[in-house]
Peer 1: 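This is the structure I have questions about; it appears just below.
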There are 2 protein chains.
Amino acid sequence: MAEINQQQISDSDTEYALDRKNVARILFAVDRADRDALVQLMEPLHAADIADLLEQINGADRAALVRLYGQDFDGDILSELDETIRESVISILHPEVLAEAVRDLETDDVVDLLEDLDEPQHEAILDALEDSDRAAVEQSMTYPEFSAGRLMQREVVMAPDHWNVGETIDFLRNAESLPEQFYHVVLVDPRMRPLGNVTLGRLMSSGRATLLASILEESFQTIPVTQDEGDVAYAFNQYHLISAPVVDENDRLVGVITIDDAMAVLDEENEEDILRLAGVDSESRLSDRVADTIKRRLPWLAVNLLTAVLASLVIAQFEAAIGQLVALAVLMPIVASMGGNAGTQSLTVAVRALATKDLTGANVWRVIRREILVGFVNGVVFAVIMGAVGVFWFGSPGLGAVIAAAMVINLVVAGLSGIAVPLVMEKAGVDPALASGTFVTTVTDVVGFFAFLGLATIVLL
Amino acid sequence: MAEINQQQISDSDTEYALDRKNVARILFAVDRADRDALVQLMEPLHAADIADLLEQINGADRAALVRLYGQDFDGDILSELDETIRESVISILHPEVLAEAVRDLETDDVVDLLEDLDEPQHEAILDALEDSDRAAVEQSMTYPEFSAGRLMQREVVMAPDHWNVGETIDFLRNAESLPEQFYHVVLVDPRMRPLGNVTLGRLMSSGRATLLASILEESFQTIPVTQDEGDVAYAFNQYHLISAPVVDENDRLVGVITIDDAMAVLDEENEEDILRLAGVDSESRLSDRVADTIKRRLPWLAVNLLTAVLASLVIAQFEAAIGQLVALAVLMPIVASMGGNAGTQSLTVAVRALATKDLTGANVWRVIRREILVGFVNGVVFAVIMGAVGVFWFGSPGLGAVIAAAMVINLVVAGLSGIAVPLVMEKAGVDPALASGTFVTTVTDVVGFFAFLGLATIVLL
């Protein structure tokens with residue numbers, strides 16, 4: 001068992017984080033080009049932790065480490081690496097080491113590896129595979145990216161529907177090779193259509209004469225081979241699946257997906273939502289270089305600049321009013337800011353609910369009504385507070401009334417647009433996490449400034 | 001196999017969403033109090049889908065449905081329900097139906113159920129259990145909330161370290177009862193300390209004389225019983241665990257955690273981060289009532305109001321300057337908005353990296369330097385653009401220079417605070433997703449307004 005938890009940035013989160021001292025020791029060994037020490041230090045580490053290490057050290061150290069580690073470099077490390085780092089590591093690896101590393105991988109991991117590589121590296125990896133594996137990998141690559149077909153393993157342990165427990169156990173015990181991890185025997189009809197799953201535990205605890213068909217798991221789901229991997233992950237989480245057979249358009253068994261892969265996808269999908277909601281490219285990683293980071297953030301800031309300028313154009317319409325009453329300039333960001341925040345709240349709950357399929361035809365109108373009502377009530381609460389601020393700070397009941405009215409208007413608009421924008425995006429087939437935030441804050445900025453400055457012009461000037 | 005996918009809000013996300021027509025049929029049956037039709041319509045649905053249905057319909061329909069469904073109400077539905085809805089459903093259920101439903105659940109699911117219930121309901125459920133189950137549940141409840149102890153199943157399939165494959169298979173085949181789902185046999189020493197896992201697949205494909213100790217899985221992790229469930233979920237995802245033994249402070253086996261529970265926790269932790277980053281209470285659900293929704297959002301808006309007022313106080317210092325040059329009021333929100341966006345970008349990447357343990361002592365300084373550099377470069381890009389806007393829109397090179405300088409300052413500050421704030425929060429033991437956003441935008445608002453208006457006062461007036 002690898003020892004990996006020690007002191008780290010904070011006490012509450014030390015578990016499983018890389019140990020700073022261990023990293024220092026490893027880098028010291030790399031520095032001295034002491035291969036024996038390096039191998040000894042790396043040996044207890046899990047491939048996933050080695051990948052994290054490679055992501056966290058700088059480029060020069062990484063290259064030196066990979067070269068020194070040489071033939072001990074395991075294929076699993078490649079699978080675990082972030083794509084950005086993966087490419088550079090592959091280009092450093094000696095072709096023979098790379099070939100060896102790739103040959104050890106399961107075909108679904110090779111597919112995952114290939115997806116993010118450029119053509120020349122692509123070929124190098126395919127050439128390293130045995131013919132049968134290469135055919136399997138190339139077959140998988142014919143399925144659309146991010147589909148169940150790319151995610152599945154092609155080796156499936158199955159049994160015909162007339163078998164009993166004894167026959168199945170004998171078959172398993174005599175099989176030449178079984179997948180490294182499998183949890184079910186899939187029962188299939190003569191046309192290779194899956195009928196159900198038998199857990200290995202159930203198999204072991206049932207009498208030899210028991211028909212497999214009589215001990216199928218109660219809950220059973222098949223996955224269409226073209227299904228989006230996000231939906232696959234959802235199904236695993238929703239129905240507590242451990243493994244599920246993948247079927248082609250004729251319902252015939254073509255592979256199996258296991259929960260560990262589904263869990264990784266679920267985590268990636270959530271990460272994508274988190275980053276997109278913040279206006280960051282969903283491929284952003286901490287290990288990105290400065291140039292990549294700038295490239296990933298600049299476009300979103302540019303969009304934000306356009307919307308900010310739009311808001312400024314609204315303000316510019318009221319230059320005369322502001323010139324007469326500078327208090328308007330002092331207070332106007334409050335209305336816009338509160339609207340932006342309230343809109344982001346509704347938006348985020350809506351985006352999350354769409355992702356978890358909790359926002360459907362059955363409740364959409366009730367949710368919209370609720371958001372408007374919540375916006376109204378919160379608007380009234382803060383209208384009272386800001387009205388008081390207007391009176392006491394600026395000694396103007398009129399100003400208090402104007403900011404109060406603008407607050408109610410903007411928070412209702414925020415609630416409505418927070419739910420409506422992601423719904424429209426979803427309907428249009430665009431990821432609602434992607435650009436909803438910008439739309440919603442544009443609306444709340446424009447409405448906030450317009451309502452506040454417009455009302456002020458009418459009421460106060 | 002339940003048929004659940006049909007037409008829904010959008011085409012791209014129809015998979016697994018509740019079918020609107022089916023919901024209508026179910027509600028129609030409830031309306032007519034037609035129990036047979038209801039049972040027939042509900043029968044093919046998975047407990048998780050029934051739970052979603054109950055969450056999505058309104059309170060009156062929900063109560064009527066639960067009453068009509070009566071004795072067919074399954075314990076699994078309770079497990080799948082969101083906490084807010086769960087309480088109201090339990091209070092509707094006939095005590096005998098509740099008792100029956102609870103008795104069918106595994107002890108870890110009962111523990112999960114109890115965590116969110118008030119005292120009277122608590123007792124009702126404990127009373128429904130058999131004595132041995134009740135003892136197990138009460139034992140689990142002694143572990144801290146959100147710990148591995150609460151998450152684990154107490155039934156473990158284990159074997160002493162001297163057993164061979166034949167002995168183990170015979171033991172399994174003769175066992176009175178085995179857990180419903182298990183994937184490994186845990187090898188333990190005479191003091192009950194886990195030594196490793198043997199997969200059932202490996203067990204079935206090895207000769208009877210083979211020692212278990214010789215076919216252990218390569219990668220092996222034990223989970224301390226007090227470990228935070230978020231760290232447990234991380235370990236499962238990082239090390240591709242399927243099940244892992246849980247040990248007490250003396251390293252003795254006390255239970256086992258399986259990946260489906262870890263996956264649910266990982267999803268919840270991500271949801272928490274998404275909601276908290278948006279300034280929404282992490283318990284927020286679409287099924288919350290209006291009053292709850294207001295309660296969950298109002299405090300965050302109140303905090304935002306305070307920070308917005310703080311920013312206004314900064315602006316108020318420059319009332320005279322704005323009175324002289326109203327263009328300042330038009331342009332100042334742009335500087336603040338760009339800073340807020342850039343800060344949120346850095347912040348989100350940092351929060352995510354902390355959650356995935358990718359931001360550690362090994363790279364923290366490099367990441368901080370990178371964020372500052374990225375902020376500077378993006379600042380310069382938008383400084384050039386805004387400088388040009390200042391010149392062409394307002395015909396003032398001075399104004400262009402001022403907004404350009406303020407932009408660079410604010411985007412550097414945004415990058416720095418975006419990374420520094422979550423790091424400090426983490427160090428202080430506070431969830432960095434929780435309040436970092438407010439801190440960061442406060443900093444960028446204050447710095448943005450101060451830099452722009454201050455420079456304008458010095459340069460232009």
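Residue numbering restarts at 1 for every chain, and letters A, B, ... go by the order of the sequence lines.
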Peer 1: Go through the atoms of B:Arg296 and report whether side chain, backbone, both or neither lie under 4.5 Å from a heavy atom of chain A.
Peer 2: neither
Peer 1: Taking side chain to side chain donor-acceptor pair (under 3.5 Å) as the test, write out the residues that go with A:Thr199, two or more places apart.
Peer 2: none
Peer 1: Sort B:Ala316 into side chain, backbone, both or neither according to what part of it lies under 4.5 angstrom from a heavy atom of chain A.
Peer 2: both
Peer 1: Is B:Asp267 paired with A:Arg352 through a side-chain N to carboxylate O contact shorter than 4.0 Å?
Peer 2: yes
Peer 1: Of the backbone (N, CA, C, O) and the side chain (C-beta and beyond), which part of B:Leu172 lies under 4.5 Å from a heavy atom of chain A, both, or neither?
Peer 2: both
Peer 1: So which part of B:Gln181 gets closer than 4.5 Å to some heavy atom of chain A, the side chain, the backbone, both or neither?
Peer 2: side chain
Peer 1: Looking only at non-hydrogen atoms, find the nearest pair between B:Phe382 and A:Leu298 and report the distance.
Peer 2: CZ-O, 3.8 Å
Peer 1: In terms of heavy-atom proximity below 4.5 Å to chain A, should B:Ile259 be classed as side chain, backbone, both, or neither?
Peer 2: both
Peer 1: For each of A:Asp260, A:Leu347, A:Leu373, A:Asp358, tally heavy-atom pairs with chain B at distances under 4.5 Å, and name the one with the top tally.
Peer 2: A:Asp358
Peer 1: Quick one: what part of B:Phe449 sits under 4.5 Å from any heavy atom of chain A, side chain, backbone, both or neither?
Peer 2: side chain
Peer 1: Testing A:Val349, A:Val351, A:Leu277 for side chain to side chain contact (heavy atoms under 4.5 Å, CB included) with B:Ile274, which one passes?
Peer 2: A:Leu277
Peer 1: Between A:Ser312 and B:Leu331, what is the shortest heavy-atom contact and its length?
Peer 2: OG-CA, 4.5 Å
Peer 1: Identify which part of B:Asn174 has an atom lying under 4.5 Å from any heavy atom of chain A, answering side chain, backbone, both or neither.
Peer 2: neither
Peer 1: Are A:Glu269 and B:Asn270 linked by a side-chain donor-acceptor pair shorter than 3.5 Å?
Peer 2: no
Peer 1: Can you tell which part of B:Ala264 gets under 4.5 Å to a heavy atom of chain A, answering side chain, backbone, both or neither?
Peer 2: both
Peer 1: Listed by chain and number, what are the side chain to side chain donor-acceptor pair (under 3.5 Å) partners of B:Asp431, not counting sequence neighbours?
Peer 2: B:Arg276
Peer 1: Using heavy-atom distances under 4.5 Å, tell me whether B:Ala262 contacts chain A through its side chain, its backbone, both, or neither.
Peer 2: both
Peer 1: Check whether B:Val290 gets within reach of chain A through its side chain, its backbone, both or neither, counting any heavy atom under 4.5 Å.
Peer 2: both
Peer 1: State whether the side chain of A:Arg173 and the backbone N or O of B:Ser206 hold a donor-acceptor pair below 3.5 Å, judged by distance alone.
Peer 2: yes
Peer 1: What's the verdict on side-chain contact (heavy atoms from CB on, under 4.5 Å) for B:Leu305 and A:Met386, showing C-alpha distance, side-chain angles and the deciding distance?
Peer 2: CA-CA 9 Å; B:Leu305 182 67; A:Met386 281 314 296; 3.6 Å; yes
Peer 1: So, A:Arg297 side chain and B:Asn378 main chain: donor-acceptor pair closer than 3.5 Å or not?
Peer 2: no
Peer 1: State, to 0.1 Å, how close B:His240 and A:Glu80 come at their nearest heavy-atom pair, and which atoms those are.
Peer 2: NE2-OE2, 2.6 Å
Peer 1: Will you find, in the side chains of A:Asn363 and B:Glu55, an N or O donor that is under 3.5 Å from an N or O acceptor?
Peer 2: no
Peer 1: Less than 4.5 Å to any heavy atom of chain A: does that hold for the side chain of B:Asp288, its backbone, both, or neither?
Peer 2: both
Peer 1: Atom CD1 in B:Ile169, atom CD1 in A:Ile169: separation rounded to 0.5 Å?
Peer 2: 7.5 Å
Peer 1: Got a second to check how far A:Asn304's CG is from B:Asn341's CG, nearest 0.5 Å?
Peer 2: 3.5 Å
